[in-house]
Protein chains: 2
Amino acid sequence: MSHSYEYPRAALTVDCVVFGLDVDDLKVLLIQRKLPPYQHAWALPGGFVHVDETLDEAARRELAEESGITDVYLEQLYTFGELDRDPRERVVSVAYYALAKLSDHRIRAATDAERVAWFALDGLPRLAFDHARIVEKAIERLRGKVRYTPIGFELLPPRFTLTQLQRLYEIVLMRPLDKRNFRKKLLSMDLLIETDEVEQGVRHRAARLYRFDRKKYEKLTRQGFSFDL
Amino acid sequence: MSHSYEYPRAALTVDCVVFGLDVDDLKVLLIQRKLPPYQHAWALPGGFVHVDETLDEAARRELAEESGITDVYLEQLYTFGELDRDPRERVVSVAYYALAKLSDHRIRAATDAERVAWFALDGLPRLAFDHARIVEKAIERLRGKVRYTPIGFELLPPRFTLTQLQRLYEIVLMRPLDKRNFRKKLLSMDLLIETDEVEQGVRHRAARLYRFDRKKYEKLTRQGFSFDL
DNA sequence: CCAAAAGTGTTCGCGGTACACCCATGC
DNA sequence: GCATGGGTGTACCGCGAACACTTTTGG
């Protein structure tokens, strides 16, 4: 294999689909490209992988550099290796998806990004490269995974109401859920801790706030329990 | 970003975890390396991605070259990008997993492989690089996916008995299944076509052979049906 | 007192699970 | 005729689904 060293090599990038939950839809974070190719087009945050960093590190670095986002749930999605993805040359991209709490992040454009903004999933602009396909795949993954793992909580603040939680699932799964059944199910898992706080600043009855009990979840998981919407 | 062209680049490889179903366990196809590093160690079939082929193409090419296996179900698994995966230099590997019908393939070593062989999952030799981790991840994926998609059939010949099918699930999921319930469930999905043939060469009552109705599965899927063990 | 959302139980039907015996065939 | 696996039905239980009214709070 050592002769392979001299062969031309594909360039390697990472791209991140960052999801954020808004009041009544899912948003995706996009950056407007400062440089060609696809100059001024909207694209996923991402960039070249350095030779001395892992893929996860590269994804976090690019996310921080281009959009100011840090401390998010991040998971590898898929690697895209079509021949014509990038007009310049052969580029293979390892895609990630991230779940962010919308309110947490003061986004700001930097380095290769002219602007940064959140876009509703069903109102995305035309995207650079094959990024539309990557977003597709990310949604699919999110929809699948939200049902059998508790990643949904990554989209909510640490304390949330049951109605917020229900809205989250309704938005991600794109179907209405029954309030009573939803509460019964979730509470019966015994993974939500009722706090002694309630919602603030609403002009109707304030809802109780809950926390997700991650410790307990991990313990139950080790015992064979399986989260299931 | 164009300045990135001059940065040193990671090398890009593909590695394949090929599963085959034997009478009472799952097997993985390994090759014995002809060249250093890890000379003579057992490893997953794989190799460098050419600049003019997609990742899927690279995986199939390496599989064919090193082991003689073609025409298998192949799916991308995960991309491994730790810094020290390969002692020579930075190598990022896109891992695939494949499902083969054991009987179909006359395996043969070639190119960089000294030997090729099937190993039982719970009797694997020490593997080169981080290939043990890759196999782990592949099993996890297989176990998960076999339950909600009909990929299991890729491990069986086109015509199979219900007992074979049940054994497949028992082996992959590592737990016994009830014969009557299993049959009831599978037949009620209405995705198996009863052929007019029976098993040959057994010294007891011969079992009926069935085929998986892929067309019907695709049709039902489009209508919202979801396979579920 | 009115608007708005929070919170709360019961019934029904389906699907998963447990379980044991007779049948067909080859030797 | 015997050994070996093939093939079959029923009863119970738990869970998901459907469904509407009362309570709390702020303005």
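Here is the naming used below: chain letters follow the sequence lines, and residue numbers restart at 1 for every chain.
In this structure, of C:dA6, C:dG26, C:dC19, it is C:dG26 that holds the atom nearest to the side chain of B:R203. When distances are taken from the side chain of A:H204 to each of D:dT25, D:dG7, C:dC27, the shortest belongs to D:dT25.
Taking the six-membered ring for Trp and the full ring otherwise, B:F160 and B:F153 have centroids separated by under 6.0 Å.
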Going through the distances and angles, do A:F129 and A:F80 end up as a ring-ring contact (aromatic ring centres under 6.0 Å, His included)? CA-CA 11 Å; A:F129 306 103; A:F80 294 83; over 10 Å; no

Would you be so kind as to tabulate the donor-acceptor pairs closer than 3.5 Å made by side chains of residues 216-229 of chain B, with sequence neighbours excluded?
unit_1, atom_1, unit_2, atom_2, d
B:K216, NZ, B:D190, OD2, 3.1
B:T221, OG1, B:Y217, O, 2.8

Could you tabulate the donor-acceptor pairs under 3.5 Å formed by side-chain atoms of residues 201-212 of chain B, not counting sequence neighbours?
unit_1, atom_1, unit_2, atom_2, d
B:R208, NE, B:T195, O, 3.1

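The stretch residues 142-153 of chain B has no heavy atom under 4.0 Å from DNA chain C, so no residue of it qualifies as close.
In this entry the distance linking CG of B:N181 with P of C:dT17 reads 7 Å, nearest Å. The distance between atom CG of B:L187 and atom P of C:dG15, rounded to the nearest whole Å, is 15 Å. Regarding B:D178, its CG atom lies at a distance of 12 Å from the C1' atom of D:dT8, rounded to whole Å. Atom C1' of nucleotide D:dG7 and atom CG of B:L192 are separated by 15 Å, given to the nearest angstrom. One atom, CG of A:L165, and another, C1' of C:dA6, lie 15 Å apart when rounded to the nearest Å. In this structure, B:K184 places its NZ atom 10 Å from C1' of D:dT8, rounding to the nearest Å.
Taking the side-chain hydrogen bond (donor to acceptor under 3.5 Å, both in side chains) definition, one finds that B:K145 meets it with B:E75, sequence neighbours left out. Residues satisfying the salt bridge (Lys or Arg N to Asp or Glu O under 4.0 Å) test with B:D178, not counting sequence neighbours, are none.
Contact annotation: A:R183 side-chain N/O to C:dG7 OP1/OP2 distance is under 4.0 Å.
Using a 4.0 Å heavy-atom criterion, one finds that A:T161 contacts no nucleic acid atom at all. Across all strands, A:R208 comes closer than 4.0 Å only to sugar-phosphate atoms, never to a base (heavy-atom distances).
Under the 4.5 Å side-chain criterion, counting only non-hydrogen atoms from C-beta, B:I171 is not in contact with B:L168. Annotation: side chain of A:L21 is not in contact with side chain of A:L102 (no heavy-atom distance under 4.5 Å).
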Restricting to nitrogen or oxygen on both sides, can you table the protein-nucleotides 21-23 of chain D pairs closer than 3.5 Å?
unit_1, atom_1, unit_2, atom_2, d
D:dT23, O2, A:R205, NH1, 3.3

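For a distance-only test at 3.5 Å, the side chain of B:K185 fails to qualify as a donor-acceptor partner of the base of C:dT17.
No hydrogens or angles considered: a donor-acceptor pair under 3.5 Å links the side chains of B:E114 and B:H40.
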